[in-house]
K.L.:
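Once you've had a glance at the structure underneath, I'll fire off some questions.
A, B, ... follow the sequence lines: proteins, then strands. Residue 1 opens every chain.
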There are 2 protein chains.
Amino acid sequence: MDDVLTIGEMCETYEVTARTLRFYEQKELIWPIRRGARRLYDRKARARLQLILRGKRFGFSLEDIRQLLNMYERDGSNQAQLERTYELAVDRLAQMEAQRAELDLAIAELKQEIAEGAAMIAAFKAAAE
Amino acid sequence: MDDVLTIGEMCETYEVTARTLRFYEQKELIWPIRRGARRLYDRKARARLQLILRGKRFGFSLEDIRQLLNMYERDGSNQAQLERTYELAVDRLAQMEAQRAELDLAIAELKQEIAEGAAMIAAFKAAAE
DNA sequence: AGACAAATTGACGTTGACGTCAAGGTAACG
DNA sequence: CGTTACCTTGACGTCAACGTCAATTTGTCT
């Protein structure tokens, strides 16, 4: 045990499918070691996967995540890129908060419609004819 | 002016594309009048479009919206269907609140990372090598 | 060695809500 | 009557993030 996991073990550990792992690799998000044709995931690969999953929780697209990851793969100490990442995070936060505001609005509207004794239904009837 | 709009006028008024209107028609969400081959949108058609857009704001799928709309097109007074609509709305509300909870969590996490002086960035660096 | 489990690549399919041509029809204006 | 501008149908394309085969190869166990 060289502290590496097979694809099957990865699937169990992180609750993803093998297809997903191969897909991430194809998209250049992760690069497992090869032993023959088989993939072996070392500590680094697992750290990257965790960041991918975390990024997804943050609502980043895989492409965003790839860019962030590869940025720091090449040069983690580059100050400009560091700031770029920071900006990306702040932007993303703003997007998420805007999305939240929209969602809140929609929830409030829907709640009111429901509370008003199915006013929405009345509205649908009106539009129906 | 018979209180009808051409497709182009509809596009400007509701900020949708012609493709979208034809798509909604193909999906049986809306039925404009025909004068020759051309579509003309009367008051009823416009009311339906507004409900479609509203439904989308609520996060309903077009298929959900179609069912709701057509349900009341056929029989607005059917009690069972009324209740079905009500249930759909309540379900949808629950979904939206769950979605908001997730979003809140993600926002909180991201905020913390940012507050911690770009801890996320450090994490990305760690995973990069 | 035989059997069975686990992995591999490649390729096409899925979902939703449209976008984007192509090729032509027609209404209205001057 | 000619020229635009607007409209029509049909059909294929797009995007994201994988799912779902199929055919084959490799690894492990007995």
K.L.:
Need to verify one output field. Residue with the more 5' nearest nucleotide on DNA chain D, G36(A) or Y24(A)?
P.N.:
Y24(A)

K.L.:
In terms of the nearest nucleotide of DNA chain D, which residue is placed more toward the 5' end: T17(A) or I7(B)?
P.N.:
I7(B)

K.L.:
Under the criterion salt bridge (Lys or Arg N to Asp or Glu O under 4.0 Å), I'd like the reasoning laid out for R46(B) against E9(B): C-alpha separation, chi angles, the key distance, then a yes or no.
P.N.:
CA-CA 11 Å; R46(B) 296 198 305 270; E9(B) 290 163 343; over 6 Å; no

K.L.:
To the nearest 0.5 Å, what is the distance between NZ (K44(B)) and CG (D3(B))?
P.N.:
14.5 Å

K.L.:
Of K56(B) and R35(B), whose nearest nucleotide on DNA chain C comes first from the 5' end?
P.N.:
K56(B)

K.L.:
Contact class for R22(B) (heavy atom, under 4.0 Å): base, sugar-phosphate, or nothing?
P.N.:
base

K.L.:
Side chain of R19(A) only, please: which of dG19(D), dG27(D), dA17(C) is the nearest?
P.N.:
dG19(D)

K.L.:
For the salt bridge (Lys or Arg N to Asp or Glu O under 4.0 Å) test, which of R19(B), R66(B), R39(B), R48(B) pairs with E25(B)?
P.N.:
R39(B)

K.L.:
Ignoring backbone atoms, test whether T20(B) places a side-chain nitrogen or oxygen under 4.0 Å from the OP1 or OP2 oxygen of dG19(C).
P.N.:
yes

K.L.:
Base, sugar-phosphate or nothing for R34(A)? Non-hydrogen atoms, less than 4.0 Å.
P.N.:
sugar-phosphate

K.L.:
Figure out the CZ/P separation between F23(A) and dG13(C), and round it to whole Å.
P.N.:
17 Å

K.L.:
Kindly state which residues belonging to residues 92-105 of chain A come within less than 4.0 angstrom of DNA chain D, counting heavy atoms of the residue only, listed by number.
P.N.:
none

K.L.:
Output the rounded distance in Å from CD (E25(A)) to P (dA17(D)).
P.N.:
17 Å

K.L.:
Between dC7(D) atom P and M10(B) atom CE, what is the distance in whole Å?
P.N.:
12 Å

K.L.:
Any donor and acceptor pair, going by atom type alone, linking the side chain of R92(A) with main-chain N or O of F58(A) inside 3.5 Å?
P.N.:
yes

K.L.:
Starting at atom NZ of K27(B), determine the distance to atom C1' of dG19(C), rounded to an integer number of angstrom.
P.N.:
15 Å

K.L.:
In whole angstrom, give the distance that lies between atom CD of Q26(B) and atom C1' of dT9(D).
P.N.:
11 Å

K.L.:
Measure CZ/R39(B) against P/dC6(D) and give the value in whole Å, please.
P.N.:
17 Å

K.L.:
Does a side-chain heavy-atom distance below 4.5 Å link L21(A) with L49(A)?
P.N.:
yes

K.L.:
With no hydrogens and no angle check, is any side-chain donor or acceptor of R57(B) less than 3.5 Å from a backbone partner on A106(A)?
P.N.:
no

K.L.:
Can you measure L21(B) atom CG to dT20(C) atom P for me and round it to whole angstrom units?
P.N.:
16 Å

K.L.:
Among the candidates dC7(D), dA7(C), dC18(D), find the nucleotide nearest to the side-chain atoms of T6(A).
P.N.:
dA7(C)

K.L.:
Taking CG from L29(B) and P from dC18(C), how many angstroms apart are they, rounded to a whole number?
P.N.:
10 Å

K.L.:
Within the 3.5 Å criterion, strictly below it, is a donor on E63(A) or Q67(A) matched to an acceptor on the partner's side chain?
P.N.:
yes

